[in-house]
There are 2 protein chains.
Amino acid sequence: MTEGAVQPRRTRQRSAIASLISATDSFQSAQEIHHLLRSTGEVIGLSTVYRTLQSLAEAGEIDVVINADGESVYRGCGQGRGLHYHLVCRICGHAVEVAADTIDRWVRSIAREHRFSDAVASLTVFGICRACASAT
Amino acid sequence: MTEGAVQPRRTRQRSAIASLISATDSFQSAQEIHHLLRSTGEVIGLSTVYRTLQSLAEAGEIDVVINADGESVYRGCGQGRGLHYHLVCRICGHAVEVAADTIDRWVRSIAREHRFSDAVASLTVFGICRACASAT
DNA sequence: AGACTAATGGGAATGGTTATCATTAGCGTG
DNA sequence: CACGCTAATGATAACCATTCCCATTAGTCT
């Protein structure tokens with residue numbers, strides 16, 4: 001009993017979610033993902049979508065961001081690339097991953113200055129991407 | 001008709017909320033604020049609390065942060081001090097305002113690099129404050 | 001094949017937030 | 001001060017994302 005965590009079972013639903021997510025490059029809510037899967041003929045329950053997204057997020061296989069409406073939105077990420085933040089278009093949802101170095105240094109120095117420990121930043125930059133800006 | 005915005009009426013409820021908020025230095029949810037006011041004998045409806053907090057936030061008189069559960073939490077801020085972010089203790093809720101200069105510069109450069117316009121950062125740093133860390 | 005149990009999914013429950021609308025009460029005017 | 005206009009209030013219902021419940025289904029190991 002060295003490896004406490006057993007890997008999840010391979011189910012049709014779990015791989016459907018994983019492949020849909022890895023095929024998109026913008027953040028989507030659980031509901032949107034559920035709709036998309038349904039519209040492609042996939043038979044899957046909403047509960048399953050929520051559960052699976054959560055477990056994928058905990059496993060670090062996808063990113064979660066809480067948007068301005070307080071909803072959790074998910075997106076696939078290049079794993080193993082370390083911590084990073086996002087630059088998200090508030091019109092089309094297009095998202096870019098941004099290296100965390102600068103911010104992490106800043107967070108650490110701010111935390112040290114105020115004697116906070118265990119500091120983690122929740123950071124997302126919302127803006128308007130080139131395409132949407134010119135499509136006015 | 002130069003000044004489109006009329007100032008809100010002075011009501012008992014609005015000042016109760018404003019004074020409670022300015023007397024606290026940690027973020028609180030609308031529900032918590034409602035409870036507190038009720039427990040001090042104030043007669044006030046939940047709807048009013050939500051509405052007033054929103055209008056105060058839009059007016060820039062208080063800060064809003066969406067916490068990890070997707071709830072909106074509010075706190076008074078020193079107005080006129082310009083944009084700033086928060087360092088929040090995830091145990092006791094104690095919050096410190098942090099100047100935004102460094103981050104703003106970073107946000108602008110990231111946005112420029114990826115050709116995003118109108119970029120605004122949503123940033124909150126969660127950690128554990130000195131007091132809570134030593135009260136283990 | 002059989003057993004064990006994680007995973008599923010439909011529906012109900014939760015909980016924060018917003019909408020509705022009749023009533024109340026600021027506040028400027030005559 | 002009395003009057004009127006309408007913003008503000010607040011009880012309640014509606015909303016909606018998310019979680020819970022639990023009987024059923026289906027991976028995975030032997």
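The rotation axes computed at either terminus of the helix from C:dA1-D:dT30 to C:dG30-D:dC1 lie 30° apart, taking five pairs at each end and rounding to 10 degrees.
Between the C1' atom of C:dG15 and the CD1 atom of B:I66 lies a distance of 16 Å, rounded to the nearest Å. Going from atom CD of A:Q7 over to atom P of D:dG27 covers 15 Å, rounded to whole Å. Atoms CG (A:L53) and C1' (D:dT19) sit 14 Å apart, rounded to a whole Å. Rounded to an integer number of Å, the gap from CZ of B:R38 to P of D:dG10 is 8 Å. Between B:D69 atom CG and D:dC16 atom P there is a gap of 21 Å when expressed in whole angstrom units. Residue A:R14 contributes atom CZ, which lies 17 Å from atom C1' of D:dT25 at whole-angstrom precision. D:dT18 atom P lies 9 Å from atom CG of A:L46, rounded to whole Å. With rounding to whole Å, A:N67 atom CG is found 14 Å from D:dT18 atom C1'.
When distances are taken from the side chain of A:T52 to each of D:dT18, C:dT8, C:dT17, the shortest belongs to C:dT8. For B:Q31, the listed nucleotide lying nearest its side chain is C:dT17; candidates were C:dG10, C:dT17, D:dT9. In the set D:dT9, C:dT8, C:dT17, D:dT9 carries the atom at the smallest distance from any side-chain atom of B:T11. When distances are taken from the side chain of B:R9 to each of D:dA7, D:dT18, C:dG9, the shortest belongs to D:dA7. Closest contact between the side chain of A:I44 and the listed nucleotides C:dG9, D:dG10, D:dT18 involves C:dG9. Listed candidates were D:dG10, C:dG9, C:dT17. Nearest to the side chain of A:Q13 is C:dG9. When distances run from any side-chain atom of A:Y50 to the nucleotides D:dT9, D:dT18, C:dT17, the shortest one goes to D:dT18.
The base of C:dG16 does not come close enough to the side chain of B:S29 for any donor and acceptor atom to sit less than 3.5 Å apart.
Taking the six-membered ring where tryptophan is involved, the planes of B:F116 and A:H94 are essentially parallel, since the angle between them stays under 30° and well short of 60°.
A donor-acceptor pair is defined here as one N or O able to donate and one able to accept, closer than 3.5 Å; such a pair exists between the side chain of A:N67 and the backbone of A:D69. When atom types are taken as modelled, the side chain of A:R75 and the backbone of A:V65 share no donor-acceptor pair closer than 3.5 angstrom. Counting only distance, with no hydrogens or angles, the side chain of A:R14 and the backbone of A:P8 share no donor-acceptor pair below 3.5 Å. For the pair B:T52 (side chain) and B:V49 (backbone), a donor-acceptor distance under 3.5 Å is absent. A:R115 contributes no side-chain N or O that, together with a main-chain N or O of B:C129, makes up a donor-acceptor pair within less than 3.5 Å.
Residue B:T48 places none of its side-chain N or O atoms closer than 4.0 Å to OP1 or OP2 of D:dA8.
Here B:Q54 lies in heavy-atom contact (under 4.0 Å) with sugar-phosphate atoms only. Heavy atoms of B:R10 sit under 4.0 angstrom from primed sugar atoms or phosphate atoms, though from no base atom. Among the protein residues, A:S47 comes within range of the nucleic acid bases, having at least one heavy atom under 4.0 Å from a base atom.
The side chain to side chain donor-acceptor pair (under 3.5 Å) test with B:E42 singles out one residue from B:Q13, B:H34, B:R12, and that residue is B:R12.
Transitive grouping of hydrophobic side chains (ILVMFWY, heavy atoms separated by less than 4.5 Å) brings B:L36 and B:Y74 into a common cluster.
The residue among B:P8 and A:R12 whose nearest nucleotide of DNA chain C is located toward the 5' end is A:R12.
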